[in-house]
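The structure appears right after this line, and notes come after that.
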Amino acid sequence: RRPPRSTLFPTRRSSDLALILLTVFMLYPLIDVFIYSFEENFNTISQTYTGVGFKNYAHVFNDSFFGQAILNTFIIVFITVPLSTFIALLISMGLNSIKPLKKIFQTIFFTPYVTNTLAVGLVFVIMFQNTDSNVGLVNSFLGLFGINPISWIDENATYIAKLFVLCFYVVWTVMPFKILILVGALQSVDKTYYSAARIDGASSFRRFRKITLPLISPTISYLVITGFIGAFKEYNNAVAIFGSDKLNDLEMNTIVGYIYSELYSTTGGYYGYAASAAIILFAIVLTITIINLDRKSTRLNSSHRYISYA
């Protein structure tokens with residue numbers, strides 16, 4: 001029996017509802033923020049402003065805190081996204097090759113993803129702390145090799161040390177999700193390709209490079225693009241390690257953290273500045289996403305013409 005038309009194609013009413021919801025919850029806030037970014041000296045109480053122009057953008061670009069936030073965000077993005085994806089791929093390949101207790105190992109590696117961010121951050125603080133009463137687990141380990149305790153996350157820590165801890169923590173928190181997705185992608189690869197490659201004498205590395213990598217490249221592209229977007233919105237992990245009130249003082253703030261500080265901190269309440277920074281972040285993320293999609297689509301088109309392990 002032919003199923004009803006409504007089950008085959010979306011109705012006009014459902015399409016209109018989806019368009020309305022998209023407009024209300026996605027487009028309207030974006031347009032509203034865009035308008036706020038040009039309203040100079042906006043007063044949140046009287047809902048008035050003194051003029052329209054680029055004063056908010058000029059303030060943001062000349063703010064040293066915003067410059068530091070951009071630098072931190074870009075470093076986090078271009079270190080943690082490739083590194084976490086590469087490590088997740090290695091671990092996924094190992095998990096995919098393990099036959100006994102595979103589900104248990106997958107659960108263990110996925111556990112950090114469902115753990116509260118602040119709770120994991122507290123563990124990292126304890127690991128990297130350096131006080132008179134406790135040098136932390138990391139410094140205790142380094143002490144076995146004769147290395148003096150290092151200040152990692154306090155006021156005396158160097159910028160490199162603090163950034164290392166933050167990037168390490170970001171990689172730790174995002175990697176479980178990537179492992180889960182990549183394990184599923186590896187398991188979906190048709191095993192007949194591997195059988196044919198073994199018959200022709202292809203090595204393990206050649207099978208990976210010529211079969212596995214091209215077939216899971218859409219999944220890797222998805223993880224890279226979403227990883228870039230997520231890393232540009234990084235904020236909660238920095239708060240978990242350094243707290244929300246010290247990010248600017250410790251030079252560890254991000255773009256999202258800067259937006260939050262302009263809106264809600266004790267010195268904040270500057271809607272125009274926050275909106276300008278938000279639009280700048282939107283433009284950066286949109287540009288990076290378009291570039292990645294264009295590069296990945298070109299690469300996918302060329303890699304899916306044929307599969308060769310020669």
Side-chain angles (χ1 to χ4, degrees), residues 22-81 117-118 121 153 155 157 159 162-163 165-167 169-170 226-291:
L22 177 65
T23 303
V24 172
F25 294 103
M26 296 290 292
L27 296 181
Y28 171 74
L30 179 60
I31 296 173
D32 201 32
V33 170
F34 184 77
I35 294 174
Y36 269 127
S37 67
F38 290 100
E39 295 177 346
E40 300 175 353
N41 302 318
F42 180 80
N43 190 302
T44 57
I45 299 177
S46 62
Q47 297 290 303
T48 58
Y49 51 92
T50 59
V52 177
F54 293 91
K55 180 180 177 180
N56 295 327
Y57 288 94
H59 170 85
V60 170
F61 279 117
N62 290 320
D63 191 346
S64 60
F65 288 142
F66 183 73
Q68 185 67 57
I70 283 186
L71 176 63
N72 295 338
T73 302
F74 270 90
I75 292 176
I76 292 171
V77 168
F78 289 104
I79 288 180
T80 62
V81 174
T117 302
L118 296 178
I153 56 177
E155 291 81 358
Y159 176 76
K162 291 179 288 189
L163 193 62
V165 175
L166 180 57
C167 290
Y169 181 62
V170 172
T226 56
F228 270 112
I229 296 173
F232 270 111
K233 297 188 295 184
E234 185 59 51
Y235 174 60
N236 58 334
N237 291 325
V239 172
I241 297 294
F242 303 104
S244 60
D245 299 331
K246 298 181 179 180
L247 291 179
N248 283 329
D249 295 334
L250 295 175
E251 298 181 329
M252 283 292 107
N253 209 353
T254 61
I255 299 179
V256 174
Y258 177 86
I259 296 171
Y260 180 86
S261 65
E262 291 297 319
L263 279 175
Y264 302 114
S265 70
T266 55
T267 61
Y270 305 105
Y271 279 44
Y273 300 157
S276 300
I279 293 299
I280 294 171
L281 174 60
F282 172 76
I284 293 173
V285 173
L286 181 62
T287 302
I288 296 295
T289 302
I290 291 174
I291 293 173

What do you reckon, is CZ of Phe38 surrounded by more than 12 foreign heavy atoms closer than 6.0 Å?
yes
Exam field: side chain Asn56 to backbone Ser37, donor-acceptor pair closer than 3.5 Å: yes
* Asked: Hey, are the side chains of Tyr258 and Ile70 touching, using non-hydrogen atoms and a 4.5 Å cut-off?
  -> no
If only atom types and distance count, is the side chain of Tyr169 paired as donor or acceptor with the main-chain N or O of Gly121 below 3.5 Å? yes
Value for CD (Glu251) from CZ (Phe65), rounded to nearest 0.5 Å, stands at 9.0 Å
Residues pairing under side-chain hydrogen bond (donor to acceptor under 3.5 Å, both in side chains) where one sits in residues 69-78, two or more places apart or in two chains, turn out to be Gln68-Asn72, Asn72-Tyr159
Next on the checklist: Check whether Lys162 reaches the backbone of Met252 with its side chain - one donor and one acceptor, N or O, closer than 3.5 Å.
Outcome noted: no
CG of Asp32: more than 12 outside heavy atoms within 6.0 angstrom? yes
To the nearest 0.5 Å, atom CD1 of Ile35 lies from atom CD1 of Ile279 at 10.0 Å
Nearest heavy-atom contact between Ser261 and Asn248 is OG-ND2, 4.4 Å
Rounded to the nearest 0.5 angstrom, the OG1-CG distance for Thr254 and Leu71 is 12.0 Å
So CD1 of Ile284 and OG1 of Thr289: to nearest 0.5 Å the spacing works out to 11.5 Å
Within the structure provided, determine whether Glu262 and Asp63 are in side-chain contact (heavy-atom separation under 4.5 Å). yes
Between Leu250 and Ile153, the two heavy atoms sitting closest are CD1-O, 4.2 Å
Taken to the nearest 0.5 Å, the spacing of Phe228 CZ from Thr226 OG1 works out to 10.5 Å
Tightest non-hydrogen contact, residues Ala231 and Val81, listed as CB-CG2, 3.9 Å
Correct closest heavy-atom pair for Ile255 and Phe66 would be CG2-CE1, 4.2 Å
Practice problem: Describe, in one word, how the ring planes of Phe232 and Phe74 are oriented to each other, choosing from parallel (under 30°), tilted (30 to 60°) and perpendicular (over 60°). | Solution: perpendicular
One should read off an interatomic distance between Ser276 OG and Tyr271 OH, to the nearest 0.5 angstrom, of 14.5 Å
Look at the aromatic rings of Tyr273 and His59 and report parallel, tilted or perpendicular, splitting at 30° and 60°.
parallel
* **Crowding at CZ, Phe78 (>12 non-hydrogen neighbours, <6.0 Å)** => yes
When every non-hydrogen atom of Val33 is compared with those of Ala278, the smallest separation belongs to CG1-CB, 4.1 Å
